2 protein chains.
Amino acid sequence: MTETLTHPTTSLAVGDDVADLLFRAARTTSQWTDAPVSDEQLAAAWDLAKFGPTAMNTLPLRVLVVRSTEAKARLVAHMGDGNKPKVEAAPVSLVLAADPAFHQHLDTLFPAYPGMKDQLEPAADVREQMARNNALIQAGYVIVGLRAAGLAAGPMNGMDFDGVDGEFFASSGWKSFLVINVGHADGEGSPYPRGPRLSFDQVAEVL
Amino acid sequence: MTETLTHPTTSLAVGDDVADLLFRAARTTSQWTDAPVSDEQLAAAWDLAKFGPTAMNTLPLRVLVVRSTEAKARLVAHMGDGNKPKVEAAPVSLVLAADPAFHQHLDTLFPAYPGMKDQLEPAADVREQMARNNALIQAGYVIVGLRAAGLAAGPMNGMDFDGVDGEFFASSGWKSFLVINVGHADGEGSPYPRGPRLSFDQVAEVL
């Protein structure tokens, strides 16, 4: 945490408390309190994340909320061994998926280009790629949105995605790409120290 | 904006001002003031976004900061016609890219699994897919991070990605996937009304 506390924050438009809550102090959580997570809390997180921009306002992200013991067992069966106990321990697990049929909503979501829905209808490969790209960006919004709603997030991708899709999305055609465990962090929420990060100088080139 | 103002926000852990700044009132910006954007401001945004979780702490996102007139012209040449004037008008444009050579940093970033770097070295296809997936999620963090640093973001993907990669990333091997114009919004920052969004009930299924 030292680098958090010593980094200058004069340029920020949010307070240190917010910067810590959403980014600097937030951890990939695997240790939870007993406090439950309501659908209303998840909806509150969504009602922030939904405003994040997507290409042509396509909003292709879909969310399966895995809450019941029975549904948890169905999901656990398709998780990697190391992630099975994490799903079992979490108050609720979200399966994030991309909907290749997102274009069904475009007449409403993107009225600026009437006919886009019909144009995309035969282009299944294009739709699948668009759905995945934009749903992945939306996953970033969701993780920050959960934290802004007072929840902790534990994203994981060690799982059999095809198995999950067959288990839950055979009729909808949604394509899973991430599981996020959600709850309230017990302490820091992780038994591990935070990993280091790459600095701006390490990731950026200025022309 | 009506839905913003009438939606209950009792569950949030941040104030309405923060929720508006980061999500509810933020727009995909294409109209800018003359206020410049410094590298320090971009670094401040990165110093939030970098803390967002990625698989195995891989942090594959890379950023080309396109600021000079000459660099802008090189980028504009590869943008779709509708996006050329948007790049020209923005104080600075960021090319977001995924680095398939992210594994070079893993000994530092993910010391829990020594040898992961060597294991991934021959798996170029796996690395490219991992880089793209995680960099897309990081793009979500960056867009929120820019707003938290007091900047406005205008993401776009209508462009010739292969052309951009050849122009800028022939030696690094970075793979572009998004351009984000950055600056300070003039008014709302967009000439268009905000598009509608899908509600939690429309995107979520609870089991």
Side-chain angles (χ1 to χ4, degrees), chain A residues 7 9 11-14 18-19 21-24 26 28 39-44 46-53 55 57 59 61-68 71 105 108-110 133 136-141 143-145 148-150 155 157 177 195-198 200 203-207, chain B residues 7 9 11-14 18-19 21-24 26 28 39-44 46-53 55 57 59 61-68 71 105 108-110 133 136-141 143-145 148-150 155 157 177 195-198 200 203-207:
Chain A
H7 195 88
T9 58
S11 304
L12 297 184
V14 299
V18 170
L21 177 78
L22 302 185
F23 291 105
R24 300 185 305 202
T28 292
D39 286 345
E40 288 67 28
Q41 286 176 294
L42 297 175
W46 175 253
D47 283 338
L48 297 176
K50 71 180 181 185
F51 286 113
N57 200 31
L59 290 160
L61 182 67
R62 302 292 179 266
V63 181
L64 179 70
V65 180
V66 179
R67 182 186 289 291
S68 70
H105 297 282
T108 304
L109 295 179
F110 199 59
N133 290 347
L136 279 159
I137 297 176
Q138 286 186 280
Y141 306 144
I143 289 169
V144 180
N157 62 7
F177 64 88
R197 294 300 194 268
L198 298 175
F200 187 65
V203 302
E205 197 181 312
V206 182
L207 290 182
Chain B
H7 195 88
T9 58
S11 305
L12 297 183
V14 298
V18 170
L21 177 77
L22 301 185
F23 291 106
R24 300 185 306 202
T28 291
D39 286 345
E40 288 68 28
Q41 286 176 294
L42 297 175
W46 174 253
D47 282 338
L48 298 176
K50 71 181 181 185
F51 286 114
N57 199 31
L59 290 161
L61 183 66
R62 302 292 178 264
V63 181
L64 179 70
V65 180
V66 179
R67 183 186 288 291
S68 70
H105 297 281
T108 304
L109 296 178
F110 199 59
N133 289 347
L136 279 158
I137 296 175
Q138 286 186 281
Y141 307 144
I143 289 168
V144 181
N157 62 8
F177 63 89
R197 295 298 195 266
L198 298 175
F200 187 64
V203 302
E205 197 180 312
V206 182
L207 289 183

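Since we're looking at a predicted model, the values are computed, not measured. Below, chains carry the letters A, B, ... as their sequence lines are ordered, and counting in each starts from 1. All values below come from the heavy atoms of this structure, side chains included, with hydrogens, waters and symmetry mates left out.
- The nearest pair of heavy atoms linking B/F51 to A/F23 is CB-O, 3.2 Å.
- Among A/A149, A/A71, A/G150, the residue with the largest count of heavy-atom pairs under 4.5 Å with chain B is A/A149.
- With rounding to the nearest 0.5 Å, the separation of CZ in B/R197 from NE2 in A/H105 is 14.0 Å.
- Of the atoms belonging to B/L59, heavy atoms from both backbone and side chain fall under 4.5 Å from chain A.
- The residue among B/S68, B/A139, B/A19 with the most heavy atom pairs within less than 4.5 Å of chain A is B/S68.
- Contact annotation for B/T28: only side-chain heavy atoms (C-beta onward) come within less than 4.5 Å of a heavy atom of chain A.
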Inset, instruction - Check the pair B/L198, A/L109 against side-chain contact (heavy atoms from CB on, under 4.5 Å), reporting the backbone distance first and the verdict last. - result: CA-CA 8 Å; B/L198 298 175; A/L109 295 179; 4.0 Å; yes

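- To the nearest 0.5 Å, the span separating CG on A/D47 from CZ on B/F200 amounts to 9.0 Å.
- Annotation: side chain of A/V206 is in contact with side chain of B/R67 (closest heavy-atom distance under 4.5 Å).
- With a 4.5 Å cut-off on non-hydrogen atoms, B/V66 touches chain A through its backbone but not through its side chain.
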Inset, instruction - Could you check B/V65 against A/L207 for side-chain contact (heavy atoms from CB on, under 4.5 Å), going step by step and ending with a plain yes or no? - result: CA-CA 6 Å; B/V65 180; A/L207 290 182; over 6 Å; no

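- The closest donor-acceptor contact from the side chain of B/W46 to the backbone of A/V203 lies at 3.5 Å or more, if one exists at all.
- Atoms CD1 and OH, from A/I137 and B/Y141 in turn, are 12.5 Å apart once rounded to the nearest 0.5 Å.
- When each of A/D39, A/N133, A/T108, A/N157 is scored by its heavy-atom pairs under 4.5 Å with chain B, the top score falls to A/N133.
- Taking chain B as the reference chain and counting heavy-atom pairs below 4.5 Å, the highest number among A/A148, A/P155, A/A204 is found for A/A148.
- Of all the listed residues (A/N57, A/L48, A/L61, A/L22), the one sharing the greatest number of non-hydrogen pairs under 4.5 Å with chain B is A/L48.
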